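Structure record follows, encoded as structure tokens.
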Amino acid sequence: MFCSHTIADRLPHPTAPRPYLPRYASNLVWGGAALTLFAATVLQVQNHGGGWLALGFAFMPDLGLLAGAARGLEKGQMAPRAVPLYNALHRFAGPVAMAALVVAGILPQVWLSAALAWSLHISIDRAAGYGLRGSDGFQRS
């Protein structure tokens with residue numbers, strides 16, 4: 001029997017909603033990533049040093065929160081002027097670029113501790129349900 005359907009007919013429509021993980025599953029995945037990054041950071045610091053550097057970079061992304069403090073904001077909102085800084089510090093592009101510079105030999109090995117700790121911070125935030133901010137200063141949904 002001849003079938004008139006093609007492979008393209010069986011593929012999902014480009015505008016069809018994509019399947020997503022339920023919120024708790026996403027939090028579990030990010031929690032697992034955070035545990036892995038924590039272990040990698042501890043091992044990196046033990047083997048190559050950089051404990052203070054790692055500690056500093058573990059807290060560094062929250063400088064965006066300090067920059068976003070202002071009067072007259074609603075609960076959970078940060079000043080919109082600080083959103084680009086906050087979002088830049090909470091993306092993986094920064095720590096990945098830093099790790100790439102270490103692998104390329106441009107930065108010393110100790111800076112991998114900083115890159116891992118920075119990634120750890122981002123993963124912990126994601127596991128806790130915090131993501132990037134919208135232009136209004138609130139968490140994106």
Side-chain angles (χ1 to χ4, degrees), residues 2-141:
F2 180 72
C3 181
S4 64
H5 296 286
T6 65
I7 292 175
D9 293 333
R10 295 183 188 138
L11 295 175
H13 191 272
T15 59
R18 294 182 178 172
Y20 64 95
L21 289 174
R23 176 57 112 186
Y24 68 88
S26 176
N27 292 2
L28 287 174
V29 169
W30 281 115
L35 286 173
T36 303
L37 285 164
F38 178 75
T41 304
V42 168
L43 288 173
Q44 174 66 20
V45 168
Q46 280 182 336
N47 294 334
H48 299 284
W52 287 107
L53 192 61
L55 189 61
F57 272 81
F59 289 103
M60 180 267 305
D62 283 338
L63 291 176
L65 286 175
L66 292 175
R71 292 182 185 204
L73 298 172
E74 295 180 38
K75 184 177 180 177
Q77 184 183 22
M78 69 186 313
R81 72 181 184 300
V83 168
L85 173 64
Y86 177 89
N87 285 347
L89 293 174
H90 284 82
R91 293 184 191 272
F92 284 101
V96 167
M98 184 183 290
L101 292 173
V102 171
V103 170
I106 297 169
L107 288 176
Q109 184 74 28
V110 71
W111 284 93
L112 188 56
S113 301
L116 288 168
W118 187 356
S119 297
L120 172 61
H121 177 106
I122 297 168
S123 296
I124 290 171
D125 278 0
R126 297 293 196 283
Y130 299 115
L132 300 177
R133 301 275 180 151
S135 60
D136 59 357
F138 287 104
Q139 289 285 326
R140 292 182 187 170
S141 54

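For clarity, every value in this text was computed on a predicted model and none was experimentally measured. Residue numbers run from 1 in the order of the sequence given.
Looking only at side-chain heavy atoms (C-beta outward), Leu89 and Trp118 come within less than 4.5 Å of each other. Using a 4.5 Å heavy-atom threshold, the side chains of Leu63 and Met60 count as touching. Looking at His48 and Val102, their side chains never come closer than 4.5 Å, going by heavy atoms from C-beta outward. Residues Phe57 and Ser113 form no side-chain contact, since every pair of their non-hydrogen atoms from C-beta on lies 4.5 Å or further apart. The shortest distance between side-chain heavy atoms of Arg133 and Leu65 falls below 4.5 Å. Side-chain contact between His121 and His90: present, with at least one pair of heavy atoms (C-beta onward) separated by less than 4.5 Å.
The environment of Phe38 atom CZ is sparse: at most 12 non-hydrogen atoms of other residues, nucleotides or ligands sit within 6.0 angstrom. More than 12 heavy atoms of other residues, nucleotides or ligands lie within 6.0 Å of CZ in Phe92, so this atom counts as buried by the packing criterion.
For the pair Leu116 and Thr41, the tightest heavy-atom approach, listed with the atom from each and the gap, is CB-OG1, 3.3 Å. Shortest non-hydrogen contact noted between Ala33 and Ser123 is CB-OG, 4.2 Å. Of all heavy-atom pairs between Gly137 and Val83, the closest is CA-CG2, 3.7 Å. Closest approach of Ile122 and Pro95 over heavy atoms only: CD1-CG, 4.1 Å. The minimum heavy-atom distance between Leu53 and Ala114, with the atom names listed, is CG-CB, 3.8 Å. Pairing each heavy atom of Arg126 with each of Asn27, the nearest pair is O-OD1, 3.9 Å.
At distances below 3.5 Å, at least one donor-acceptor pair connects side-chain atoms of Gln139 with backbone N or O atoms of Gly131. Between the side chain of Gln44 and the main chain of Gln109, a donor-acceptor pair closer than 3.5 Å is present.
Between atom CG of residue Leu85 and atom CG of residue Leu66 there is a gap of 10.0 Å, rounded to the nearest 0.5 Å. With rounding to the nearest 0.5 Å, the separation of CG in Leu101 from CG in Leu112 is 11.5 Å.
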